[in-house]
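Report on one structure; see the data block that follows.
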Amino acid sequence: MEAEAAVRRPVRGVKLVVVASVVAFALVGFFLRSFSASESNGLASPTAEIFGFVLGVWLPLFALIYACVRNRVAVVVLAFCVGLSVNLVFLTHATPVAAVTDNSSVFTFRSTSSFGSHDMIQNYTPASGTAATCPANQSASWACGFTSDTFTTGQTMSAGTAQADLYLENQPSPANDATNGWSWFASSGTVEAVPMTKMTNLQSGDVIIAHLSIRGGTSLGTITKPSSSWNLVDRVDSGTSVTLAVYSLVAGSSEPASYTWSWTGAQRAAAVMRNFSGVDTSAPVDGHAGASESSASTTHVAPSVNAAYASETRVVGIAVSNDVDCNTIGGWNLTSVQSSGGSGSSQATAAGYAATASLPAGPTGTFTATCGNAIGATHQLTLKPSPTPSCTVTTTLRKTTPIELRAATTKKVDNGTSIVLDVPAGTQQNDLMYAILAWNSFAAPTDPGGWTLQSSNGASGLALQTYRRIASASEPATYTWTFDASVAIAGWMGSYIGVDTTTPSDFGASNSQNGTTHTTGSFSTSSANDLLVAAYSLAAISTFSTPGGLAPQGTLSAGGSPAVSLAVFDTIQGNAGTVPQMTTTTSASAQGTNRIHAFRPIASNTVTLGTANTTLGSIASPTLRSVSIPTSAATFATGERLVLEVSVPNDKANCGVRLSYDEAATPSKLTVAAEVPEGVAGLLLLAPALPVGLRWWKRRQP
């Protein structure tokens with residue numbers, strides 16, 4: 001009875017009602033803080049907030065009232081523990097995690113590549129200026145990955161909801177259908193009609209543009225179109241020499257096998273046509289204009305037109321009164337150049353060009369083609385994109401263990417017939433061992449056996465070769481390459497952790513230049529999180545600048561006669577796709593060769609935590625789109641990272657998307673789901689035992 005009375009007595013001289021009141025105010029304060037945090041992050045549902053309020057505030061308050069009435073100290077402690085526990089669990093699912101190295105749950109995108117192709121940085125606020133974009137221009141069919149810095153063993157992320165705040169725009173261009181997307185006609189003599197076969201990939205809703213080049217000009221008379229469904233865009237007559245007639249058609253569900261234009265009076269003629277998808281079918285042709293010519297010239301200029309919308313497709317037609325070819329132009333698709341039969345100035349030539357240009361609304365600028373010395377007629381038009389695009393953008397959050405360089409060694413030989421490369425320190429079984437040799441001679445090497453020749457590149461006697469092998473359980477201390485002549489040799493060997501041991505090689509490219517600027521070739525990878533290794537050799541003693549996006553891993557020079565220098569750089573490319581060309585500047589001007597190669601990561605190194613889609617209509621400028629990604633729980637090992645991938649499908653008719661970031665007005669970012677720190681989680685497990693412990697302590701008092 002004395003112990004029971006002790007429990008009922010005031011706590012250390014303070015009335016129990018005062019203690020209960022303090023606990024009540026604390027619980028209310030805890031909940032208000034939790035509610036405020038969840039509201040600011042937008043990650044908790046109203047149902048969860050009501051549930052948290054009932055269990056975290058109402059229930060403990062009723063318990064406190066009971067404790068005051070019955071004078072139970074243990075109930076006060078229990079009520080406090082229950083309220084605290086509920087609020088902490090509520091915060092776990094309502095607020096972001098304090099993760100990685102900077103105690104912040106918000107990962108803001110930055111236009112650097114310290115962790116991958118693009119970085120996600122904690123506690124980072126972009127400055128004002130020009131936003132970075134991915135890709136550079138609005139387009140379809142791309143993926144862009146953003147990578148965090150490394151986690152450490154024991155860090156965890158709870159199941160919940162991550163939020164990607166993305167500044168996106170979508171201005172799809174009409175698709176320029178190149179595969180079976182065109183048809184042509186060229187007369188073998190004089191004719192009174194132009195028949196053209198329907199394109200094999202024509203679909204309902206496609207827009208066809210036809211260019212007819214007919215001799216006669218103003219003396220030709222009326223041209224009869226295939227049907228009333230065809231619209232004459234413009235007819236351009238250059239005197240009596242040649243006529244360029246431009247027509248458009250919105251294809252229906254059932255189109256004839258061919259289309260025929262006709263006129264009175266036999267003339268030589270040629271024609272080309274092609275189909276485009278993703279065009280506004282109610283008013284496909286926007287700006288359009290033609291230009292006639294009165295004298296022969298080798299250049300033919302199509303006039304500028306005004307595009308009312310951004311990213312319209314430009315289509316140009318050229319008619320020439322002679323048998324002449326027209327040149328190809330970078331960035332433009334030359335549909336076809338067709339000439340009628342005959343010779344000299346009695347012929348007619350038609351050429352069609354098309355380009356999907358990511359241009360802003362406004363004047364397109366002129367277009368100049370070189371087609372030979374003849375009188376011609378030119379025309380330019382723009383096609384308006386569909387006003388109701390629907391592009392599905394996918395966001396995927398992954399945990400990844402990136403490939404890492406374990407160690408590397410270098411060796412040079414100023415003049416000799418062999419080079420001995422030391423195996424990098426700590427090399428372990430299943431590491432990718434990558435060896436690179438550069439020499440300035442026509443000598444031929446022999447590898448030590450057990451190595452795969454990855455690439456061989458050379459120019460003007462300068463050679464660069466790369467080799468790979470998967471490390472065995474027991475590697476020798478060195479490997480030796482021998483040469484059939486005495487040469488100066490520079491060598492590098494690195495051991496990488498986390499490369500796919502079955503099919504390590506993805507793709508690569510080689511290139512050669514003479515001078516001080518040396519740029520890698522262009523290629524694409526098929527896997528996300530590939531390792532990129534770039535090697536540059538130079539036929540001189542030289543230094544090398546570090547290319548943007550790469551990390552230096554070794555530079556050395558062999559001072560023989562002739563000399564040779566070698567530099568090696570690497571990085572991780574977060575997403576599959578086009579590898580940017582990498583440029584180094586050398587201190588010496590000389591012949592150079594380079595090789596960049598990609599290696600696949602182990603598939604199990606990447607775990608998908610969650611994925612979500614968002615659908616974009618027509619968006620003229622970068623606009624915030626928040627995407628909620630349901631995520632599973634994750635436990636991290638040292639060296640692992642988070643990767644957010646944003647991808648756009650190959651749907652040109654609906655997608656002309658670009659992501660903006662790293663600018664004050666466009667701070668695209670990821671906010672990840674919450675976690676309870678391990679120390680707090682341990683206290684929660686102990687919380688139910690506190691009242692029991694308190695009662696035991698009271699009973700043991702004398």
- Query: Short question: side chain of Trp263, backbone of Gly265 - any donor-acceptor pair under 3.5 Å?
  - Reply: yes

- Query: Backbone N or O of Asn594 within a donor-acceptor pair of the Asn457 side chain at under 3.5 Å?
  - Reply: yes

- Query: Heavy atoms, side chains only, cut-off 4.5 Å: are Asp651 and Cys391 in contact?
  - Reply: no

- Return yes if some donor-acceptor pair links the side-chain N/O of Ser537 with the main-chain N/O of Thr593 below 3.5 Å, else return no. yes

- Message: Between Ser565 (side chain only) and Ala540 (backbone N and O only), is there a donor and an acceptor less than 3.5 Å apart?
- Response: yes

- Query: Can you say whether the rings of His118 and Phe146 are parallel (under 30°), tilted (30 to 60°) or perpendicular (over 60°)?
  - Reply: tilted

- Quick one: does Asn170's side chain have a donor or acceptor within less than 3.5 Å of a partner on Gly617's backbone? yes

- Item | Sidechain-backbone polar pair: Trp142 side chain, Gly577 backbone, donor-acceptor under 3.5 Å | no

- Counting only N and O atoms by type, is there a donor-acceptor contact under 3.5 Å from the side chain of Ser668 to the main-chain atoms of Tyr167? yes

- Check: Thr378 side chain, His300 main-chain N or O, donor-acceptor pair, under 3.5 Å: no

- Message: One pair to check against side-chain contact (heavy atoms from CB on, under 4.5 Å): His379 and Leu381. What are the steps and the verdict?
- Response: CA-CA 7 Å; His379 188 270; Leu381 63 83; 3.8 Å; yes

- Query: Just wondering, do Asp506 and Gln573 contact through their side chains at under 4.5 Å, heavy atoms?
  - Reply: no

- Message: Check whether Thr571 reaches the backbone of Gly549 with its side chain - one donor and one acceptor, N or O, closer than 3.5 Å.
- Response: yes

- Item | Ile208 vs Trp230, side-chain contact (heavy atoms from CB on, under 4.5 Å): CA-CA, chis, key distance, verdict | CA-CA 9 Å; Ile208 304 175; Trp230 283 88; 3.6 Å; yes

- Query: Are side-chain heavy atoms of Val646 and Val393 found at a separation under 4.5 Å?
  - Reply: yes

- Task: Answer whether the closest heavy-atom distance between the side chains of Pro389 and Gln171 falls below 4.5 Å.
- Result: no

Give the table of side-chain donor-acceptor pairs shorter than 3.5 Å for residues 244-258, with sequence neighbours excluded, one pair per line with atom names and distance.
from: Glu255; atom 1: OE1; to: Tyr259; atom 2: OH; distance (Å): 2.9
from: Glu255; atom 1: OE2; to: Gly252; atom 2: N; distance (Å): 2.7

- Should the pair Asp280-Lys384 be classified as a salt bridge under the 4.0 Å nitrogen-to-oxygen rule? yes

Scan the side chains in residues 126-133 for donor-acceptor partners under 3.5 Å anywhere in the protein, sequence neighbours excluded, and list what turns up.
from: Thr133; atom 1: OG1; to: Pro135; atom 2: O; distance (Å): 3.0

- Item | Check against side-chain contact (heavy atoms from CB on, under 4.5 Å), Thr520 and Asn511 | CA-CA 6 Å; Thr520 57; Asn511 212 352; 5.7 Å; no

- Message: In the structure I gave you, are the side-chain heavy atoms of Glu312 and Thr364 within less than 4.5 Å of one another anywhere?
- Response: no

- Given side chains that start at C-beta, do those of Arg625 and Ile619 come closer than 4.5 Å, heavy atoms only? yes

- Message: Counting neighbours of CD on Gln203 that are heavy atoms of other residues, nucleotides or ligands and sit closer than 6.0 Å, is the number greater than 12?
- Response: no

- Query: Is there a donor-acceptor pair closer than 3.5 Å between any side-chain N or O of Arg658 and the backbone N or O of Ser139?
  - Reply: no

